Structures are given as structure tokens and as C-alpha cells.
Number of protein chains: 2
Amino acid sequence: MSGRSRKEVPSWREPLVDYIRSRGGRVTAPRLRVAEVFFGLQGHPGVEEVVQAVQRRWPQIGQATVYRTLHLLVDSGLVEARQFGDRFSRYEAVGSEHHDHLVCDCCGAIREFEDPGIEEAQRRIADAFGFRMTGHRMEIHGCCARCVARQTRPRSGA
Amino acid sequence: MSGRSRKEVPSWREPLVDYIRSRGGRVTAPRLRVAEVFFGLQGHPGVEEVVQAVQRRWPQIGQATVYRTLHLLVDSGLVEARQFGDRFSRYEAVGSEHHDHLVCDCCGAIREFEDPGIEEAQRRIADAFGFRMTGHRMEIHGCCARCVARQTRPRSGA
DNA sequence: TTATGTGCAAATTCTTTGCAGCGTG
DNA sequence: CACGCTGCAAAGAATTTGCACATAA
């Protein structure tokens with residue numbers, strides 16, 4: 001939420017360009033287009049969803065480029081890759097505040113939450129083990145309120 | 001650690017047999033052999049490691065059977081499947097107490113820890129969202145003390 | 001100009017499945 | 001003796017890669 005409301009320079013662009021250049025890489029149209037589409041998506045899209053969204057606007061961009069660009073975004077630190085119960089990766093823009101996830105194993109819904117107590121406990125644990133923490137991920141699995149009401153059952157596993 | 005020290009009846013056997021029977025399934029030699037080898041392994045083996053360990057002793061057991069038996073163990077609740085940074089699943093015997101993981105992104109080492117504060121915070125958060133929690137997983141990523149000392153660098157991502 | 005990036009399709013990797021025969025209950 | 005389980009190999013799903021052409025710097 002920073003300033004003008006339409007067609008402003010997106011906040012990901014400068015750090016991305018800087019990162020690419022710092023690597024001796026090239027700022028290309030496909031990279032910027034994939035990034036633009038990705039950052040416009042909601043939620044926690046998998047590659048498939050990103051590819052479809054990209055190809056809706058630029059049909060000639062191949063899926064390999066989407067994969068490669070998502071890796072680039074992850075390396076740049078602007079995006080995080082996660083794997084929830086599914087066997088594919090999902091991607092998520094990195095915001096300023098760290099958040100974790102509630103994963104509904106019944107309907108697949110993913111909600112975010114933030115908890116300072118957990119963040120602090122993590123630092124404490126990492127310290128206790130002489131660990132230099134670079135990140136963490138935590139998921140609470142179960143059934144969301146709606147599925148509980150409907151008595152849907154979880155799919156399997158923990 | 002329960003009692004006599006050699007060739008005692010392993011603790012996984014009865015619950016596994018009960019589970020299989022409760023499902024109308026059959027207690028077969030391959031299933032018991034895969035289970036025996038699996039529960040004899042240390043750490044957080046992937047399927048590949050389990051297959052190799054199994055085939056060292058029973059070369060005629062196929063990998064499909066290992067996959068199928070691991071799923072059976074997960075369904076029975078005796079084993080949990082996890083995915084860390086890698087793109088394959090790792091399996092871990094379920095103990096009485098819940099523990100979480102410190103994952104070293106430099107050398108791949110995985111350490112376990114347990115923290116009542118985190119367990120409790122999770123319950124509190126699940127409650128706050130009307131979530132019926134069935135489980136959770138949490139990983140702290142970073143560099144372990146040894147890698148920090150050696151100044152090894154993490155591989156990528158979060 | 002020249003190395004890096006792209007698009008396509010084929011290759012890899014991990015996992016699941018079809019099927020004929022085997023063995024438990 | 002019926003139905004579930006096994007082993008094999010082939011199929012599938014997600015992701016990576018080789019290569020010839022395109023293009024940023």
C-alpha cells in the first residue's frame with residue numbers, strides 16, 4: 001500500500017532488476033512478464049497456475065521459462081517456495097512480516113497466521129542448538145471450521 | 001527401550017498386524033520385512049534408502065512393495081511422511097512425543113527438537129481459527145553449528 | 001558482437017499402476 | 001479357494017535439460 005493506485009512502478013521490479021544485474025544476468029521481457037503475472041496472483045499458486053495465468057496474456061512464453069523465472073525469484077529472495085501436502089511446489093511472495101500456514105487437509109484451503117510467540121520460540125531454539133537460522137516454515141494441519149461443520153474427513157497421513 | 005534386549009517382539013508388530021487386519025488386509029512376509037528393516041533404520045530415510053536396505057537382505061522385494069508398505073505404515077499411524085527441502089518424501093517412525101526439526105541447508109543434517117511452548121502455541125492458534133488440529137509440522141532452516149564454523153553456505157531458497 | 005535467455009520437446013526423477021501369478025485367511 | 005498382495009515393467013506427474021535461435025548489453 002504505497003502511494004498512487006494505478007500503473008505505478010511495482011515494488012518488485014527494482015529489487016528484481018538489481019538482483020539479475022548483480023548476477024551478470026539479463027533483464028528480459030519474459031522474466032518481467034512472468035514476474036508481473038506472478039505478483040498479481042493471489043494465494044499460493046503452483047507452477048501450473050502460474051503457467052496458465054502467464055500464457056493467458058503471453059501465449060508464446062513456455063513453461064520452462066516460468067519454472068526458470070520462479071527459481072530466479074526464489075534466489076532473489078522475493079519469493080518463497082513451499083510444499084504443503086501436495087507433491088508439487090507452491091510459490092508465495094515474501095512480505096515484510098513472516099507468517100505461517102493453517103492447511104485444511106479436508107478441502108485444501110490454506111490460511112495464513114502470524115504469531116510473535118512462535119517466532120520468538122524459534123529464535124530461542126535455534127540459539128540453543130548453535131544454529132544460524134535463515135528461515136523456517138510451520139504448518140498446522142487439520143480441518144478448517146467449515147469442514148468440521150460439514151463433517152468432511154481429512155485425506156490421509158499426518 | 002522396553003525390556004529384554006535381543007530378538008524380542010518388536011513394538012511395531014502388534015499395532016501393525018491389528019491395523020492390517022482391521023482393514024481386511026493380509027499380513028504378508030514382504031510387509032513384515034519392509035517394516036522390520038524400516039524400523040531398524042536411523043534418521044529420516046527416503047524411499048531410496050529404505051529400498052536399498054530392504055534389498056540388501058531380501059533382494060527379491062520390489063520397490064513398489066516398499067512404496068506400498070510405507071503408505072500402509074503411514075495410514076496405520078506408525079509412521080509419518082515428511083518433505084523437507086528435497087523433492088522426495090522422507091519417513092519417520094512416530095514416537096510418543098511430538099518433535100520438530102532443525103534442517104541444515106548447508107550439509108543436509110536434520111536434528112530433532114521438542115518444545116512444549118510451541119506445541120501449546122499451535123493449539124491456541126488452531127482454536128482461534130476454529131481449526132480442528134490433527135497434526136503439524138515445523139522446520140527451522142539454517143546452518144548448523146558445524147557449517148557455521150566451516151563457513152559453508154546454504155544451498156538456496158528460504 | 002557474444003554470452004545469456006528462450007521455447008520446444010525430450011530426458012530425468014520420484015511415484016503410481018496394470019497385470020499375471022502367488023499366498024493368506 | 002477367493003481375494004488381496006507381489007514383482008515387474010510400463011505409465012504418470014512434476015520438473016529439468018539440450019539445443020538452435022533470439023536478444024540484452
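Just so we're clear, the structure is a prediction, and the values are computed from it rather than from any experiment. Chain identifiers are assigned alphabetically (A, B, ...) following the order of the sequence lines, protein sequences preceding nucleic acid strands; residue numbering begins at 1 within each chain.
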Point to revise | Any N/O donor-acceptor pair, B:R68 side-chain to D:dG7 base, under 3.5 Å | key: yes
Review point. Between A:E36 and A:R57, is there a side-chain N and carboxylate O pair less than 4.0 Å apart?
Key: yes
Show me the protein contacts with nucleotides 21-25 of chain D, counting only N or O atoms at under 3.5 Å.
residue : atom : partner : partner atom : Å
D:dA24  : N3   : A:R26   : NH1          : 3.2
D:dA25  : OP1  : A:V27   : N            : 3.4

Point to revise | Atom-to-atom span, CZ of B:F88 to P of C:dT16 - whole angstrom | key: 15 Å
Review point. Could you state the CG-P distance from A:L32 to C:dT4, rounded to the nearest angstrom?
Key: 19 Å
Study note, to complete from the structure: Rounded to whole Å, the OH-P distance (A:Y91 to D:dT15) equals 6 Å
Review point. Which of these nucleotides, C:dT6, C:dT15, D:dT17, is closest to any side-chain atom of A:T65?
Key: C:dT6
Revision key, fill the gap. note: B:L70, atom CG; C:dT15, atom P; distance rounded to Å ~ 10 Å
Exercise for review: Scan side-chain atoms only and decide if A:H99 and A:E92 contain a donor-acceptor pair under the 3.5 Å cut-off.
Suggested key: yes
Exercise for review: Would you mind reading off the distance between A:R90 atom CZ and D:dA13 atom P, rounded to a whole angstrom?
Suggested key: 17 Å
Review point. Hey, does the side chain of B:Y67 come within less than 4.0 Å of C:dT16's phosphate (OP1/OP2), counting only N and O?
Key: no
Review point. Within this structure, what is the CG-to-P distance between A:D86 and D:dA14, rounded to whole angstrom?
Key: 10 Å
Practice item. Using only heavy-atom distances, determine whether the side chains of B:H98 and B:E80 contain a donor-acceptor pair under 3.5 Å. Key: no
Check your understanding: What is the distance from CD of B:E49 to P of C:dT15, rounded to the nearest Å?
Key -> 12 Å
Check your understanding: Roughly how many Å is it from CZ in A:R31 to P in C:dT4, rounded to a whole number?
Key -> 11 Å
